[in-house]
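Each remark here refers to the structure printed beneath this line.
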Amino acid sequence: MACAQHPEEEEEAIPTGSPRIPGTVNWGTATVVAVFAGLLYGGSREAAASISKDAEVMLKLGSTPDKREQYRLMRDAMEKRFIRVARGSIIGGVRLGMFTATFYGLQNLLADKRGVHDVFNVAGAGAATAATFGLILPGSMLWRARNVLLGSVLGAGICFPLGWLHLKLVEKANEDMPNCKSSSDLSERGEMSGTRVGAAIERLEGSVQK
């Protein structure tokens, strides 16, 4: 005869994966946002750079009396402009997406290894990311070594105050959250007590009328 299993005796599900350390940024969300921002920036920059080339096309159209030749020039100009804007959008999205993915990936990796998220994680991730992108730039080995050194110094110098400001804002937001919850609880309790008082008054009026 099979024994009935009680709910208390069932094994609890063991949560998988380590919890995210407070203050760290979601790597995937930041990368997606950076890709879209890079697409917009790269496309808008190429579109703005195409204004001078469009002026040259307009000058050619003014000096060409043939209608078919004018149509061909306009079509070629539109195709080239579309290709330039699309290429600029793709390049901008890939570059900014790779930079953001590397930065936040290293930042979260340092936070997981050290067990704490502080400004040194942000500065270290910024220095390593800038040094990596300085290394892959074209040029001689001496030029790349200079880019690595300069990028690491600039990355740490820029990311240190930005990381400190970010962590301070996170701490301030975490401090304000209990106050907001307590005020909302007080307002809910006040509304509940108000409804109870109103119901009691209505019952009293009904008994008086009877």
Side-chain angles (χ1 to χ4, degrees), residues 17-56 80-178 180:
S18 59
R20 189 158 62 92
I21 299 177
T24 56
V25 181
N26 192 329
W27 175 83
T29 304
T31 303
V32 172
V33 173
V35 168
F36 280 102
L39 289 173
L40 292 176
Y41 173 75
S44 60
R45 186 181 63 178
E46 289 296 331
S50 300
I51 296 177
S52 60
K53 297 181 180 180
D54 292 340
E56 296 177 0
K80 291 179 180 179
R81 183 175 184 180
F82 175 78
I83 292 173
R84 286 195 302 268
V85 172
R87 183 178 58 187
S89 299
I90 294 173
I91 293 175
V94 170
R95 286 179 177 176
L96 190 57
M98 289 176 58
F99 185 87
T100 305
T102 306
F103 174 71
Y104 284 110
L106 290 174
Q107 182 177 331
N108 294 338
L109 179 63
L110 290 174
D112 291 337
K113 294 297 183 181
R114 300 179 64 226
V116 64
H117 181 58
D118 53 11
V119 68
F120 297 104
N121 294 338
V122 183
T129 304
T132 302
F133 277 82
L135 182 63
I136 64 177
L137 289 176
S140 61
M141 293 303 297
L142 182 60
W143 178 257
R144 291 182 180 182
R146 176 182 175 276
N147 291 336
V148 169
L149 181 60
L150 184 61
S152 60
V153 173
L154 289 178
I158 294 174
C159 292
F160 190 89
L162 293 179
W164 179 84
L165 180 61
H166 170 71
L167 293 176
K168 289 298 181 181
L169 292 176
V170 171
E171 292 178 0
K172 183 64 177 177
N174 293 333
E175 291 175 359
D176 293 340
M177 285 179 64
C180 295

Minimum-distance pair of heavy atoms, taken over all atoms of [X] and [Y]:
X: S152; Y: A127; answer: O-CB, 3.4 Å
X: T100; Y: A34; answer: OG1-CB, 3.0 Å
X: R84; Y: E46; answer: O-CG, 3.5 Å
X: G155; Y: A130; answer: CA-CB, 4.3 Å
X: F160; Y: V119; answer: O-CG2, 3.1 Å

Say you draw a straight line from [atom1] of [X] to [atom2] of [Y]; how long is it, rounded to the nearest 0.5 Å?
X: W164; Y: F120; atom1: CH2; atom2: CZ; answer: 13.5 Å
X: N147; Y: T132; atom1: CG; atom2: OG1; answer: 12.5 Å
X: L96; Y: T31; atom1: CG; atom2: OG1; answer: 9.5 Å

Indicate yes or no for a side-chain donor-acceptor contact from N121 to the backbone of V116 under 3.5 Å, with no hydrogens or angles considered. yes
Residues, nucleotides or ligands: over 12 heavy atoms within 6.0 Å of F133 CZ: yes
Return yes when atom CZ of R144 has more than 12 non-hydrogen atoms of other residues, nucleotides or ligands closer than 6.0 Å, and no otherwise. yes
Student check: side-chain heavy atoms of L162 and V122 closer than 4.5 Å: no
With sequence neighbours excluded, residues passing side-chain contact (heavy atoms from CB on, under 4.5 Å) with A125: F103, L106, Q107
Residue pairs fulfilling salt bridge (Lys or Arg N to Asp or Glu O under 4.0 Å) with at least one residue in residues 118-137, sequence neighbours excluded: R114-D118
